[in-house]
Number of protein chains: 2
Amino acid sequence: MNVIEADSVSLDDETGAERFDRIYCELRDRICLLTYPPGTVLSETKLAKEFGISRTPIRRVFHRLEFMGLVQIKNGVGTMVTDIDLKTFKQIYDLRKRLAEMMGELSPVEITSEHIETIDGLIERAQALADHKGAFDELARIANDLQRLLSDLTGNAPLREMIELMYYRVARIWYTFLPQFGWDKAHSGQLNELGEIRAAMVDSDIRSVGHYRSIDLQRMLTQLGRLLVEP
Amino acid sequence: MNVIEADSVSLDDETGAERFDRIYCELRDRICLLTYPPGTVLSETKLAKEFGISRTPIRRVFHRLEFMGLVQIKNGVGTMVTDIDLKTFKQIYDLRKRLAEMMGELSPVEITSEHIETIDGLIERAQALADHKGAFDELARIANDLQRLLSDLTGNAPLREMIELMYYRVARIWYTFLPQFGWDKAHSGQLNELGEIRAAMVDSDIRSVGHYRSIDLQRMLTQLGRLLVEP
DNA sequence: TAAAATCAACCTGTATACAGGCTGCGCAAT
DNA sequence: ATTGCGCAGCCTGTATACAGGTTGATTTTA
């Protein structure tokens, strides 16, 4: 009971902007983690009821998600989670590779011990998955958190916004392909990237951080291409 | 009277989405062409009256403009046209230089005779300004149209979106500085860029188009730096 | 039976009343 | 004269009724 009370009190305290962010992040994550897979129809009314508010603020969130490219709003039909064709997927990955390289070149920030601790935490979480074959959802969450860490290391604010935008636009598609790679490959691949990036971070070499990130995006594309050709 | 009738008929025919785009572009251009200079407070109610609609669709436009970084919405205060500090301005220009280079490298499109005709039209308009000292607004409109042409030449759709986003985010600031450069420098500079880009286009060399664009953005930064140091 | 019209049930879009936040003016107390 | 309070008038935020669009099942008709 106390927990519930404390929870509702903290919810009452939040401003309109904070609530907007909370609901926006919640829905974004549901889309990116495939709680709402591509094609899902979202209803303003139902979500308004779920969050205990009216349609108006939900509509605002929907329009932002549409701007991010995560949903498509159709009058009279509904708001649907978008899918991405392979051509666009590759275009975004090509772009992300370049943006990753730029991360270390445009106004880089100083790497602190906090950053190192954060990535150490991610590595620990990834290593802990060795005995949990098939925990793709935790793998995706770690990828989310790694992206957040890399955002912190991107000093050029507009560049950071774009990198995030492109990340969230394809995250769910990447997540869709993940199981097809097989658990071992996906798991070891993530551990590998985390290790490379950590090494670059302890050297305070943001340029290398971006470089490894770029390489890993290319690796993803290559593996995907192999997957699409062979079977 | 007939004109008014025809006008109102065409307005009645447009869908909600078309009206949204029309009003969005209208307000965006008013901001970029300094009809609403930075700091201007926009009122939902007044604009709703001006366009003959209710606050709701205007709010949608406002939220999009906020996402584009052109306005800031403050509860209880109003919706204000944003200003940009010099640090952010430089960050965006650094980013735009890189994006311009990428334009020719990521999935370039084929240059058609239509594209050539378009830039020839722009060059004509710019040359026609030789006898109109101080027509900075037409200079800005030509720059807008050039940006639109370059968008057409950008095959990578997400990259195109980003280039446009960053263009509109700083366009009004660039326009603010323009008169300080002096008419002759601003005018000849634009003619120069148009000529360079046209030459690259007739060679079907999009890579060079992007390169010249990048160079011109750097030139702008250099001139601005000189302006900020000397006086 | 097959095709066409109908309509009910859902969706988003719009208008509007009301709630809540911010600012600055004016008045009162010190 | 100055400081503080209160409130009017503006703003955006929210809830909600209604308008308009879309779809698909159902009924009607040839």
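Residue numbering restarts at 1 for every chain, and letters A, B, ... go by the order of the sequence lines.
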Nearest-nucleotide 5' precedence on DNA chain C, A:Val41 against B:Gly52
A:Val41
Is there a donor-acceptor pair under 3.5 Å between the side chain of B:Arg160 and the backbone N or O of B:Thr154?
yes
What is the distance, rounded to the nearest whole Å, between atom CZ of A:Phe62 and atom C1' of C:dC11?
11 Å
Using 4.0 Å as the upper bound for N to carboxylate O, is an ion pair formed by B:Arg98 and B:Asp94?
no
Between A:Glu26 and A:Arg30, does at least one N-O distance fall below 4.0 Å, as a salt bridge requires?
yes
Which whole-number value in Å describes the distance from A:Lys74 NZ to D:dG21 C1'?
13 Å
Picking from C:dG13, C:dA15, D:dA15, which would you name as closest to the side chain of A:Ser54?
D:dA15
Side chain of B:Ile73, heavy atoms from C-beta onward: which of C:dG13, C:dT14, D:dG13 has the nearest atom to it?
D:dG13
When A:Phe177 is tested against each of A:Phe89, A:Tyr93, A:Phe136 for ring pair (Phe, Tyr, Trp, His ring centres under 6.0 Å), which residue passes?
A:Phe89
Nucleotide nearest B:Thr56 when distance is taken to its side chain, options C:dA17, C:dA15, C:dG21
C:dA15
For the backbone of B:Arg59 and the side chain of B:His63, can you confirm whether one donor and one acceptor N or O come within less than 3.5 Å of each other?
yes
For residues 65-78 of chain B, which side-chain N or O atoms pair as donor and acceptor with protein atoms under 3.5 Å away, sequence neighbours left out?
from    : atom 1 : to      : atom 2 : distance (Å)
B:Glu66 : OE2    : B:Ile73 : N      : 3.4

Determine, for nucleotides 4-10 of chain C in 5'-to-3' order, which nucleotides have protein heavy atoms under 4.0 Å from the base (write B), from only the sugar-phosphate (write S), or from neither (write -).
-------
Does C:dA15 have OP1 or OP2 under 4.0 Å away from a side-chain N or O of B:Arg59?
no
Could you check how far CG of B:Asn75 sits from C1' of C:dG20, rounded to whole Å?
7 Å
Cation-pi between B:Arg28 and B:Tyr168: NZ/CZ under 6.0 Å from ring centre and within 45° of the ring axis?
yes
Tell me: CD1 of A:Ile58 to P of D:dT14, nearest whole Å?
10 Å
I need the CD-C1' distance between A:Glu18 and C:dG21, as an integer number of Å.
15 Å
For A:Val77 and for B:Glu44, locate the closest nucleotide of DNA chain D by heavy-atom distance; then report the residue assigned to the nucleotide nearer the 5' terminus.
B:Glu44
To the nearest angstrom, the CD-P distance between A:Gln72 and C:dC11 comes to 17 Å
Any side-chain N or O of A:Thr79 less than 4.0 Å from the OP1 or OP2 oxygen of C:dC11?
no
Per the atom types in the model, does the base of C:dG13 pair as donor or acceptor with the side chain of B:Arg19 at under 3.5 Å?
no
Base, sugar-phosphate or nothing for B:Leu42? Non-hydrogen atoms, less than 4.0 Å.
sugar-phosphate
Could you tell me whether A:Arg60 contacts a base, only the sugar-phosphate backbone, or nothing, with contacts defined as non-hydrogen atoms closer than 4.0 Å?
sugar-phosphate
Close side-chain approach of A:Glu164 and A:Gln147, heavy atoms under 4.5 Å
yes
Check the distance between D:dT23's C1' and A:Met80's CE and give it to me in whole angstrom.
12 Å
For A:Arg55 and D:dG13, what is the distance between atoms CZ and C1' respectively, to the nearest whole Å?
16 Å
